[in-house]
Colleague: 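Dropping a structure here in structure tokens format, bear with me for questions.
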Amino acid sequence: MSRYETLLFLHLLGVFFLVGAAGISTAAGVATGRITRVRTSAFLLDLQHRVEWFVTLPAAVLVLFAGLLLVDAAGYSLSDGWISGAIVLLLLALVLDFGGLVPRNRRTRRVAEQMLTDGIEVGEDVQKAAAAPLTMAMGVGLDLIFVIFLWLMVVKPGS
């Protein structure tokens, strides 16, 4: 395989992992905001946490670095609007995810842990925390960023 093909493969591999992680995290977040079984909520919040750190973050690094090297190998420029826009969106997604959603989910997980310690198996405290409007808005915003990012990568407007 050529350098270009290798970089393209790595870039696309990272994108597939990012999309998969976004799907799992979104599904876990939505489910947590709808169920009242505390142990199940705690499991979903732990799943979400692990997916973010062990799939989303490495995939984003792979996408970014392979993408930056691919820009040169494919003959594009970092000043192309769709490339600089995609980089900004990826970095914005990481800030929103790891600066907003991950800490909120950890706080919600602590609520579940306290409820389980107190012997409460069914309750709405975790559900309410997971379904808080700001948490939901961040999750929707993150998914929209990924959709726009993917659109930029596929359509490459202006190139």
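Every heavy atom of this structure was used, including side-chain atoms; hydrogens, water molecules and symmetry mates were not.
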Colleague: Minimum heavy-atom separation for Ser84 to Leu78, with atom names?
Modeller: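 Looking at all heavy atoms of both residues, the closest pair is CB-O, 3.6 Å.
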
Colleague: Determine the minimum heavy-atom distance between Ile83 and Ser77, stating which atoms define it.
Modeller: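 Heavy atoms of Ile83 and Ser77 come nearest at CD1-O, 3.4 Å.
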
Colleague: For Phe98, give me all partners under ring-ring contact (aromatic ring centres under 6.0 Å, His included), at least two apart in sequence or on another chain.
Modeller: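 If we apply the ring-ring contact (aromatic ring centres under 6.0 Å, His included) test to Phe98, skipping adjacent residues, the hits are Trp53.
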
Colleague: Can you pull the ring-ring contact (aromatic ring centres under 6.0 Å, His included) pairs that have at least one residue in residues 99-127, sequence neighbours excluded?
Modeller: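 Found none.
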
Colleague: What side-chain hydrogen bond (donor to acceptor under 3.5 Å, both in side chains) pairs are there with at least one residue in residues 11-34, not counting sequence neighbours?
Modeller: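 Residue pairs passing side-chain hydrogen bond (donor to acceptor under 3.5 Å, both in side chains), neighbours aside: Ser25-Glu52, Thr26-Asp143.
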
Colleague: The criterion is side chain to side chain donor-acceptor pair (under 3.5 Å); which residues satisfy it with Gln114, sequence neighbours excluded?
Modeller: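 So Gln114 forms a side chain to side chain donor-acceptor pair (under 3.5 Å) with Asp118.
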
Colleague: For the CG atom of Asp46 and the CD atom of Glu113, what is their distance to the nearest 0.5 Å?
Modeller: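 Taking CG in Asp46 and CD in Glu113, the distance rounds to 9.0 Å.
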
Colleague: Taking it one step at a time, do Val111 and Val38 satisfy side chain to side chain contact (heavy atoms under 4.5 Å, CB included)?
Modeller: CA-CA 9 Å; Val111 170; Val38 179; over 6 Å; no

Colleague: Would you mind telling me which of Leu44, Val122, Val30 makes a side chain to side chain contact (heavy atoms under 4.5 Å, CB included) with Ile35?
Modeller: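 That would be Leu44.
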
Colleague: Group every Ile, Leu, Val, Met, Phe, Trp and Tyr by side-chain heavy-atom contacts under 4.5 Å, then state whether Tyr76 and Leu64 land in the same group.
Modeller: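 Result: yes, single cluster for both.
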
Colleague: Looking at every non-hydrogen atom in both residues, tell me the closest pair between Leu45 and Thr108 and how far apart they are.
Modeller: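 The pair with the smallest heavy-atom distance is CD1-CG2, 3.7 Å.
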
Colleague: If I take atom CG from residue Leu8 and atom OH from residue Tyr4, how far apart are they, to the nearest 0.5 angstrom?
Modeller: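 Spacing of CG (Leu8) from OH (Tyr4) equals 5.0 Å.
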
Colleague: Do Met115 and Val126 touch side chain to side chain, with heavy atoms closer than 4.5 Å?
Modeller: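 SC-SC contact between Met115 and Val126 confirmed.
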
Colleague: With no hydrogens and no angle check, do the side chains of His49 and Arg109 hold a donor and an acceptor under 3.5 Å apart?
Modeller: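 Not at all, the side chains of His49 and Arg109 share no donor-acceptor pair under 3.5 Å.
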
Colleague: Please step through side chain to side chain contact (heavy atoms under 4.5 Å, CB included) for the pair Leu69 and Leu10, ending with a clear verdict.
Modeller: CA-CA 11 Å; Leu69 294 172; Leu10 291 173; over 6 Å; no

Colleague: May I ask whether Ile145 and Val147 are part of the same hydrophobic cluster, defined by side-chain heavy atoms of I, L, V, M, F, W, Y residues being less than 4.5 angstrom apart, directly or through others?
Modeller: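 Result: no, two separate clusters.
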
Colleague: Are Ile87 and Leu68 packed together at the side-chain level, in the sense that at least one heavy-atom pair is separated by less than 4.5 angstrom?
Modeller: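 A side-chain contact exists here, since the closest heavy-atom pair is under 4.5 Å.
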
Colleague: Nearest 0.5 angstrom please: Lys128 NZ to Thr135 OG1, how far?
Modeller: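 Between atom NZ of Lys128 and atom OG1 of Thr135 there are 14.5 Å.
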
Colleague: Where do Ala112 and Ala42 come nearest, in terms of heavy atoms and distance?
Modeller: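 So the two residues come closest at CB-CB, 4.1 Å.
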
Colleague: Is there a path of hydrophobic side-chain contacts, each under 4.5 Å between heavy atoms of I, L, V, M, F, W or Y residues, that connects Phe65 with Phe54?
Modeller: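 Hydrophobic grouping puts Phe65 apart from Phe54.
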
Colleague: Give a yes or no on whether Leu96 and Trp151 share a hydrophobic cluster (residues Ile, Leu, Val, Met, Phe, Trp, Tyr; joining criterion: side-chain heavy atoms under 4.5 Å apart).
Modeller: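 Same cluster.
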
Colleague: What distance separates Asp80 CG from Leu152 CG, expressed to the nearest 0.5 Å?
Modeller: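 So the gap between those two atoms works out to 11.5 Å.
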
Colleague: How about Pro133 and Met136: do any of their side-chain heavy atoms sit closer than 4.5 Å?
Modeller: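 Result no, sub-4.5 Å side-chain heavy-atom pair not found.
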
Colleague: Can you name the residues that form a salt bridge (charged side-chain N to carboxylate O under 4.0 Å, His left out) with Arg104, not counting sequence neighbours?
Modeller: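 None.
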
Colleague: Do Leu18 and Val71 sit in one hydrophobic cluster, given that two such residues count as connected whenever their side-chain heavy atoms are within less than 4.5 Å of each other, even indirectly?
Modeller: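 Leu18 and Val71: one cluster.
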
Colleague: Using a cut-off of 6.0 Å, state whether more than 12 heavy atoms not belonging to Arg106 lie near its atom CZ.
Modeller: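 Atom CZ in Arg106 is packed in, count exceeds 12.
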
Colleague: To the nearest 0.5 Å, how far apart are CG in Leu94 and OG1 in Thr56?
Modeller: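 It comes to 8.5 Å.
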
Colleague: Which pairs with one or both residues in residues 35-45 pass side-chain hydrogen bond (donor to acceptor under 3.5 Å, both in side chains), sequence neighbours excluded?
Modeller: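 For residues 35-45: Arg39-Glu121.
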
Colleague: How long is the straight-line distance from CH2 of Trp82 back to CZ of Phe149, given to the nearest 0.5 Å?
Modeller: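 Answer for the CZ-CH2 pair, Phe149 versus Trp82, is 9.5 Å.
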
